[in-house]
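Counting starts at 1 for both ligands and their atoms, following the listed order.
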Amino acid sequence: MADIKELADLMRELEGMIDTCTRCGACQAVCPVFEQTGNEADVARGKLALLEGVLQEVFKKPGGVAERLDRCLLCGSCEATCSGGVKIQEIFIRARAIITGFTGLSSTQKFMLRQILARPELFDRVFEWLGRFQKFFLKPLDNLPGTSCPRLVSPLLTDRHVRPPALKPFHRMVPSLDTSPGSSGKKAAFFVGCLIDKLYPNIARDTVDVLTHHGVGIYLPDNQGCCGIPAISAGDPETFETLVRHNIERFDPGKFDFLVTACATCTYTIKKIWPMMMKTGSDDLNTKMSEIVEKTMDINWFLIHEIGIEMDDCPQDQGDICVTYHDPCHLKKSLDVSEEPRALLKANPAYRYVEMPEADRCCGLGGSFNLKHYDLSEAIGKQKIEAIRSTGCSVVTTGCPACMFQLSDMLSKSNDPVSVKHPVELYAEKLKDSMTYGE
Ligand code: SF4
Ligand code: SF4
């Protein structure tokens with residue numbers, strides 16, 4: 001019991017935030033995990049009650065509390081609905097860090113996070129190696145473009161249909177850029193993000209193409225690191241801080257007017273999680289971080305609001321190819337960006353836009369949630385696939401590569417040859433004739 005008392009004392013810093021929950025239960029109606037399990041411990045209200053139990057020292061095993069907290073996508077659906085303004089995501093992220101600090105990371109997590117992810121150059125090399133030798137462990141699914149399945153029984157991949165590592169990641173195509181502003185007079189840093197760099201380099205190329213087309217100077221420093229979300233979600237502030245520090249050093253805010261990303265999760269992490277969880281330890285680093293956070297924005301938002309692509313000018317019902325859009329939780333619920341990606345893809349006259357039902361329902365990936373609870377992740381993902389199917393579209397777009405990964409897996413496993421794309425790809429297609437970018 002002495003252990004639990006120690007944990008309860010550490011958790012005390014969250015007491016005031018946890019107390020703001022009135023137990024109204026409104027979060028039940030929107031929680032994708034609760035919808036599957038019907039288990040009160042899986043919804044925000046139940047998890048907050050669990051944390052209150054820790055404060056009152058009613059539990060004997062911190063490991064059990066950690067397991068319950070883990071069964072959460074950190075999708076923010078509950079927080080977006082909570083009329084009490086409970087800072088649910090912040091409570092869960094801080095609580096994970098406190099509990100993991102208390103129980104310790106598993107040896108696998110320690111190795112993956114502190115020895116690989118925390119070292120951007122090594123992480124790049126590992127993925128380059130995986131890309132080069134993928135034929136030994138992945139088999140391309142020829143009838144379903146863009147996905148592969150494991151050749152051998154793998155506890156990590158199980159029966160997933162995965163987006164394979166790129167043969168040439170973006171950092172090998174374009175290691176760095178520092179171009180002057182053109183007609184727009186603006187300069188944007190481009191934070192690429194791990195998934196786009198290593199699995200979807202075509203989105204990065206299209207982002208560079210689109211920015212160049214609109215006369216935006218690009219600042220692309222080499223050796224970029226992960227935004228830190230896998231580390232902080234796993235309750236590892238040490239690796240998170242190492243990565244944030246690394247990225248602040250790479251992105252000198254004096255060199256650009258804006259920082260754009262094409263990944264909803266990277267944008268959310270930089271804008272919301274960096275200021276929430278980063279202990280900079282110096283005024284200089286703090287000032288730099290605040291400037292970066294202030295300048296960070298989603299690429300769709302940047303193109304509409306800073307470059308001035310007119311939303312009203314975008315046609316909605318022409319074109320031969322039917323396209324729909326899935327709202328990433330981190331873009332819509334956490335950053336209120338939803339009209340902008342739709343406007344961008346509607347700007348391509350080859351496409352006819354059809355809205356899917358419940359477009360902002362979570363796709364079920366949730367980063368490490370998918371790794372630990374694939375059965376639940378898959379059940380939630382299948383509902384999204386039904387919504388996509390109901391539109392009859394042959395293309396589904398979304399503003400987050402993590403959602404793309406999940407949608408590809410679910411569509412491929414249901415033998416559904418729907419293409420999964422990013423709105424920037426569709427916009428770049430429209431501009432293709434006037435592209436200035438070359439490898
Ligand atoms: S909606 Fe908010 S206040 Fe109501 S139970 Fe859920 S977390 Fe608590
Ligand atoms: S963040 Fe999402 S999965 Fe987690 S409790 Fe809230 S609604 Fe449920």
Side-chain angles (χ1 to χ4, degrees), residues 11 14-56 64-100 229-230 232-235 264-265 268-269 271-273 276-277 326-336 338 358-384 398 400 402-403 406:
M11 204 71 90
L14 302 179
E15 195 167 13
M17 292 164 85
I18 294 170
D19 281 351
T20 55
C21 172
T22 59
R23 309 283 188 262
C24 71
C27 47
Q28 273 193 349
V30 294
C31 177
V33 180
F34 178 78
E35 189 183 15
Q36 294 299 322
T37 65
N39 189 337
E40 176 69 11
D42 286 334
V43 75
R45 181 174 67 174
K47 287 183 169 60
L48 292 167
L50 199 74
L51 294 176
E52 204 166 84
V54 175
L55 284 165
Q56 291 165 1
V65 178
E67 265 172 41
R68 284 297 181 196
L69 266 188
D70 247 13
R71 286 165 67 91
C72 170
L73 293 146
L74 292 176
C75 67
S77 305
C78 47
E79 190 166 321
T81 303
C82 176
S83 57
V86 182
K87 293 181 175 171
I88 301 168
Q89 291 185 91
E90 180 168 352
I91 296 170
F92 290 173
I93 288 171
R94 284 192 190 281
R96 282 186 187 187
I98 292 170
I99 295 174
T100 308
I229 190 75
I232 204 66
S233 304
T265 300
Y268 162 72
T269 305
K271 285 199 87 63
K272 304 279 180 167
I273 311 283
M276 183 199 296
M277 296 302 288
H326 157 69
D327 283 295
C329 295
H330 288 152
L331 213 48
K332 183 173 178 190
K333 290 162 194 145
S334 299
L335 297 168
D336 201 21
S338 63
E358 296 185 280
D360 62 355
R361 177 193 272 268
C362 178
C363 70
L365 185 87
S368 58
F369 179 89
N370 176 277
L371 283 176
K372 291 180 182 167
H373 309 288
Y374 187 59
D375 51 340
L376 276 174
S377 177
E378 193 175 25
I380 298 166
K382 277 182 179 165
Q383 287 180 299
K384 177 58 68 177
T398 185
C400 184
C403 299
Q406 170 82 336

Residue Arg45 vicinity, atoms of ligand 1 by number, heavy atom under 4.0 Å
5 (S)

To the nearest 0.5 Å, how far apart are CD in Gln89 and CE in Met276?
7.0 Å

For atom 4 (Fe) of ligand 1, what's the nearest protein heavy-atom neighbour? Residue, atom name and distance, please.
Cys24 SG, 2.3 Å

Can you name the side chain to side chain contact (heavy atoms under 4.5 Å, CB included) partners of Gln28, sequence neighbours left out?
Phe34, Glu40, Val43, Arg45

Should the pair Asp42-Arg68 be classified as a salt bridge under the 4.0 Å nitrogen-to-oxygen rule?
yes

Does a side-chain heavy-atom distance below 4.5 Å link Arg96 with Leu74?
yes

For Arg23, atoms of ligand 1 separated by under 4.0 Å from a heavy atom:
5 (S), 8 (Fe)

Result for side-chain contact (heavy atoms from CB on, under 4.5 Å) between Leu73 and one of Ile380, Leu376, Leu365 points to Ile380

Can you pull out the closest protein heavy atom to atom 8 (Fe) of ligand 1? Residue, atom name and distance to 0.1 Å, please.
Cys21 SG, 2.4 Å

Number the atoms of ligand 1 from 1 as they appear, then name those within less than 4.0 Å of a heavy atom of Leu48, with their elements.
7 (S)

For Gly25, counting its heavy atoms only, list the atoms of ligand 1 lying under 4.0 Å from any of them.
4 (Fe), 5 (S)

Minimum heavy-atom distance Met17-Val86, with the two atoms named:
O-CG1, 4.1 Å

Only one of Gln406, Lys384, Arg361 clears side chain to side chain donor-acceptor pair (under 3.5 Å) with His326; which?
Lys384

If we check side-chain contact (heavy atoms from CB on, under 4.5 Å) with Arg94, which of these qualifies: Leu14, Ile99, Leu51?
Leu14

Taking atom 6 (Fe) of ligand 2 as the center, what protein N, O or S atoms are found at less than 2.8 Å?
Cys78 SG

Please determine which of Cys75, Pro32, Cys403 meets the side-chain contact (heavy atoms from CB on, under 4.5 Å) test together with Cys329.
Cys75

What residue and atom, counting heavy atoms only, is the protein's closest point to atom 2 (Fe) of ligand 1, and at what distance?
Cys82 SG, 2.4 Å

